[in-house]
Structure formats: C-alpha cells, structure tokens
Amino acid sequence: MTVILLSLITFTYFRSSRQIINQYVTDTKKLLALQASQLESYFGQLDSFSLHLRADQMFMELIATSKPHSYFSSEYLKSLVRNEFYAREDLIDFSLYDVAHKSSYTISRQAARNIQTGDAAAIYELPNYSIFSSGKRYKDVIPSRQEDGLLTYYRTIINIKDQKPLAFVTFNVDCSWPDLNIGTSAENEITILADETGKIFYKKGSVKTSALNFLFEKDDFEEAAEKEKRFIKIKKQQYMMVQSRLQKSGWYIISLIPKKQLDSYTASTMNIGLFLGFFSILLSGLLISIFIKFFTHPLSVLSDQLKIAGQGNFKTRINIRGSKEIALLSDTFNGMIEQIDGLIEKNYIAQLAWKNAQLVALKAQINPHFLYNILQTISAEAIENDQEKINDMVMALSSMLKYTIRGDDIVTLHTEMERVEDYLFLQKERFGERLSYNIKIDEDLQLLMIPKISVLNLVENAVVHGMSKSSEKLHIEISAEHQEAQLVITVTDDGLGISPENLEEIQKSLDSDDKTISGETIGLKNLSNRLKLMYGNDARIIVYSTQFTGTSVVMQLTTAEKPSESQKALNINSEVV
C-alpha cells in the first residue's frame with residue numbers, strides 16, 4: 001500500500017508541475033496582454049498631449065511670425081508651458097523651442113518648477129534631431145536619461161503648407177504609470193518594457209539593465225519572443241520569459257519569473273501530495289487499530305469497572321455491547337452492583353436518621369417556653385419594684401427572642417422594624433448618649449413583605465462595627481422607599497467608614513456566587529446568600545462608604561406594588577391573629 005501511494009504521489013507531482021507552469025504562463029500572458037492594451041492607451045494619451053499646443057490659435061500665430069516677441073507674447077508662451085507641465089502629474093520636465101525666434105522655454109521639477117528661457121540652438125545638436133524633425137510622424141521616443149524617467153518624447157510642430165518646423169516640444173515622463181500598472185507582482189519578478197529595436201525603456205527588479213541587453217542582441221529576438229515558453233539564464237539563475245506585444249507601437253512587455261519561484265509552487269503541490277499520502281497511511285493504521293480494539297475494548301471496560309467497584313464506588317454502571325456473552329456479562333455486573341449499592345444506601349440512611357433523631361431530642365430538652373416564663377417572672381419582679389426600665393428591657397429582649405425562633409421566613413416591614421426598635425432600645429440603654437438613631441419609613445410601605453431578620457442584621461452590623469472600633473458617638477439613620485417595583489432599605493451610620501481597598505473587597509464578596517462565609521463581613525455575606533436563595537438576581541446588597549466619614553448599606557428587593565387598602569386590612573388582621 002505504501003509503495004502504491006508513493007508511486008501515485010510521484011506521478012501526480014510531475015503531472016501537476018507541468019500543469020502549474022502551463023497555467024501560470026497562460027495567466028501571465030493574459031495579464032500582460034491586458035497591460036499592453038492599457039499601455040497602448042497610455043501612449044495614445046502622450047501622443048495627443050504632445051500636439052495639445054496646436055489647438056491654441058494664438059500660440060500658432062506667435063510661432064508663425066518672425067517679428068520679435070513682445071513682453072506679452074513671451075509671458076503668454078511661458079504661461080502655456082507652465083499649463084502644459086501642470087496638466088500631467090507624470091512629467092519630469094517640459095520644453096518648448098521656438099524656431100523663428102531661436103528661443104526656448106523650459107520648466108522642470110529640478111528647477112523648482114520655474115520657467116527657464118534660453119537659446120533654441122541646443123535642439124539642433126541632438127543625435128535624433130533628423131528623426132523627429134522630418135519624416136511622416138515628426139516625432140521620436142527614446143529612453144529617458146533621468147534617474148526616475150521612463151522616456152523622452154520629441155514632437156515637431158510644422159507649418160502645414162511648406163512642412164517646415166515652427167516649434168519643437170519635448171518632455172520627460174517618469175515611471176509612476178508603469179510602476180503601478182505593469183508586472184505580475186510575483187516575488188523576485190523582473191519586468192521589462194522595450195521597443196521593437198530592443199531599447200529598454202523601463203526595468204523593475206533587482207537585476208541591472210546592462211545585464212539584460214543580451215536579450216535583444218539576437219536577430220531572431222522577435223521569433224524567440226513569440227515562443228510559448230522560453231527559459232534564459234541571468235547571472236547563473238534560471239528565469240522563465242513571458243511577453244506580450246503592443247499591436248500599434250510594436251513594443252514588448254516582458255516578464256521574467258525565477259525558476260525557483262515556479263519550483264516553489266510545484267513544491268507546495270508535492271508537499272500536499274506527501275501529506276495526503278502519509279495521512280492516508282496513518283488513517284489506514286488507525287482504522288486497523290480501531291478494528292482490533294473493537295473486539296478487546298468491552299473486556300477492558302468491564303475490567304476497569306470491576307476495579308472501580310473494588311475501591312468502594314458502587315454507583316458505577318457499564319453499558320457495553322458486542323457478542324451475546326459480553327452483553328450478558330454487562331447486564332449481570334450492573335445487577336450485582338445495583339443490589340450491593342441498595343443494601344449500603346439503606347444501611348446509611350438508617351444510621352443518618354438515628355443520628356438526626358438524637359440531635360432533635362437534645363434540642364428539644366431546651367424548651368423555649370421555659371425562657372419565656374423566666375423573662376416574664378423577671379419582668380413581673382421589676383414592675384413590683386418600680387423598675388420600669390428593667391421591665392422595658394426584659395420585654396424587648398423577650399420580643400426579640402420570640403421573633404428570632406419563630407418559624408416564619410417572610411414578615412412585614414412593620415414587624416421587622418418593631419424588632420429593630422427593640423434592638424436599638426437595648427443598645428441605647430447599653431451605650432447611653434454615645435448612640436442615637438432615627439427611623440424614616442413611609443406608612444404605605446409598612447405591610448410589604450421582607451425576609452425576616454434582614455434589616456435587623458444591617459442595623460446590628462452598623463452598631464457592632466461602629467461602636468467597637470471607636471469611642472466617639474454614633475448616629476444611625478434607617479429609611480425605606482419604593483422605587484419602580486423595588487423596595488430600597490438604607491441603613492446609614494456616621495462611624496469611621498471603610499477604606500477603598502476593603503470596600504472593593506467587601507462588595508466583590510457580596511456580589512459573587514461563592515457561598516463561603518468568613519471574615520468580618522460574615523453577617524452581610526450570610527444575608528446576601530439568603531437574599532439570592534429567596535429572590536435570585538432580583539435582590540442585592542450594596543455598600544457605600546467614605547473612610548472617616550460614614551457608611552451606608554443598601555438592601556434592594558424586588559416587590560409588588562404598594563399594598564391596596566383591602567390588602568392592608570387583611571395584613572393587619574393577620575398581624576392581630
């Protein structure tokens with residue numbers, strides 16, 4: 001199987017290599033043909049631009065007369081030259097030579113775009129003067145000698161009647177257009193633009209122009225250029241040559257792609273083939289391994305489950321299928337484990353029930369009525385001895401004791417606040433003038449239902465932390481209001497407050513879902529857990545504090561609307577009962 005796969009991979013590699021190169025050549029020729037069409041259009045624009053001045057009637061009159069130019073005439077010619085230069089963004093310079101007046105006007109980037117005037121005699125000394133000053137076209141295009149130039153264009157403006165030159169227009173064009181529009185963007189590609197004689201006008205790539213002249217030294221260049229594929233060597237490196245010819249001008253766009261680049265494309269195909277081959281081998285081995293394990297796996301599972309049961313875990317079950325005998329073993333094992341687990345669970349539940357019964361019996365030995373009777377006895381004794389304050393304190397303590405051990409989890413805000421007042425009364429008697437408080441609760445809210453010992457918990461937290469850490473006076477404000485179906489209860493004290501670091505830690509503890517309770521915030525955390533169990537995410541405790549100024553603890557509960565008059569009456573009757 002491995003030999004067959006490797007043979008297929010090798011055959012596919014060579015076949016794919018040929019297809020990739022052929023496809024690459026075809027796509028490149030199509031791209032170069034499209035670029036050649038665009039280049040023809042670009043050359044047509046340059047040709048039209050070179051004759052643009054003929055359309056100006058005043059210009060033709062000025063160059064046709066032999067009279068000396070006036071100041072106005074000279075300035076007019078300068079403005080024409082300037083306008084022509086700024087008409088295109090790819091011009092390096094632009095020159096106008098006036099034959100009759102033997103003067104020249106030149107504007108260029110090097111001269112900071114200023115008009116320079118001079119003698120027109122220099123135009124007659126150019127080697128190609130005979131080419132662009134006569135003939136059918138009266139123009140010539142040569143490679144630019146500027147560092148960033150593409151070509152130099154020469155155009156002769158003649159007198160139609162006698163065919164004599166009236167003026168010469170020359171301009172240098174930079175490489176901005178071919179930089180953007182010629183080439184295939186292949187890595188390390190060399191792009192050449194040359195005319196039909198082999199003159200190289202443009203070259204893009206790391207190879208010098210002098211190293212490419214040999215391409216055009218042969219007489220059969222045109223024939224060789226038309227070949228479908230041609231490999232050449234430049235500085236010991238192989239390149240594939242793809243070209244496209246411009247129909248009108250006969251110029252060539254030539255693309256030289258390194259053979260290494262083409263080999264990298266085929267190498268990727270080879271790598272893919274090798275990967276697929278080895279993947280197929282691995283997949284085959286995996287399937288064989290799975291096929292073998294299909295017969296041995298059920299027995300391994302049964303063995304593992306027996307070990308787990310031997311370690312004391314009788315909740316484990318297995319569901320293996322295979323032959324009839326293995327399925328029977330699975331069912332027998334599950335039945336045995338289920339019977340053992342049932343016996344153990346019955347024994348455990350019986351022992352747990354016995355321990356709970358013992359605990360209830362111990363708790364029942366302390367009868368709450370005994371405490372009530374003792375407190376009533378102390379209260380009666382205080383009244384007989386005119387100790388009204390002691391009686392009030394005992395009655396407050398008795399009310400709080402009954403309240404805390406009563407089974408209800410939800411009470412009215414009115415009932416909760418009565419116990420809060422009992423608590424504050426007892427603490428007031430303890431701390432004297434050091435403790436003061438004020439309660440502001442609307443009568444309409446008194447019958448709303450809240451968790452038992454919730455506000456009492458907040459008040460106790462304020463007293464404990466406010467009085468234990470300072471010997472200063474402490475004032476507590478308790479308020480409640482109804483805001484958009486939410487009951488908001490706020491307990492504020494003017495104690496020492498909480499540092500920002502501790503405040504952030506406390507709030508994170510209250511907002512988290514962690515049920516762990518520890519530290520100084522045990523009371524608030526316990527209340528927060530109760531609220532989340534009873535109300536879910538509709539309840540929250542928020543702590544606001546400024547160090548050395550005070551602390552406010554806000555409890556938010558989602559409730560129904562304020563109770564109606566009939567509901568108030570019903571709740572009042574319930575309270576009386």
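Counting begins at 1 with the first residue of the sequence. Both backbone and side-chain heavy atoms feed into the values below; hydrogens, waters and symmetry mates do not. Predicted model only: the values in this text are computed from it and were never measured.
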Using the test side chain to side chain contact (heavy atoms under 4.5 Å, CB included), find all partners of Q45 that sit at least two apart in sequence or belong to another chain. S41, Y42, R88
Name all residues meeting the side chain to side chain contact (heavy atoms under 4.5 Å, CB included) criterion together with Q146; count only those two or more places apart in sequence or in a different chain, and write none if there are none. I92, D93, Q110, S144, D148, N172
Report the C-alpha separation of R419 and D422 in whole Å, then their side-chain angles, then the decisive distance to 0.1 Å, and conclude whether the salt bridge (Lys or Arg N to Asp or Glu O under 4.0 Å) test is met. CA-CA 5 Å; R419 303 292 78 78; D422 288 339; 3.1 Å; yes
So which heavy atom on Q547 is nearest to which on P500, and how close? OE1-CD, 4.1 Å
Between D442 and E481, is there a side-chain heavy-atom distance shorter than 4.5 Å? no
Can you check side chain to side chain contact (heavy atoms under 4.5 Å, CB included) on S176 and E89, steps first, answer last? CA-CA 9 Å; S176 58; E89 295 182 355; over 6 Å; no
Lys/Arg N to Asp/Glu carboxylate O, K473 vs D494, below 4.0 Å: no
Do L557 and Y535 have side-chain heavy atoms sitting under 4.5 Å apart? yes
Show your working on side chain to side chain contact (heavy atoms under 4.5 Å, CB included) between D179 and Y202 and close with a plain yes or no. CA-CA 9 Å; D179 283 342; Y202 174 78; 2.5 Å; yes
Restricting to side chain to side chain donor-acceptor pair (under 3.5 Å), what partner residues turn up for T551, sequence neighbours left out? S545
For L91, is there any backbone N or O sitting under 3.5 Å from a side-chain donor or acceptor partner on R109? yes
Should we count CD of E505 as having more than 12 external heavy atoms under 6.0 Å? no
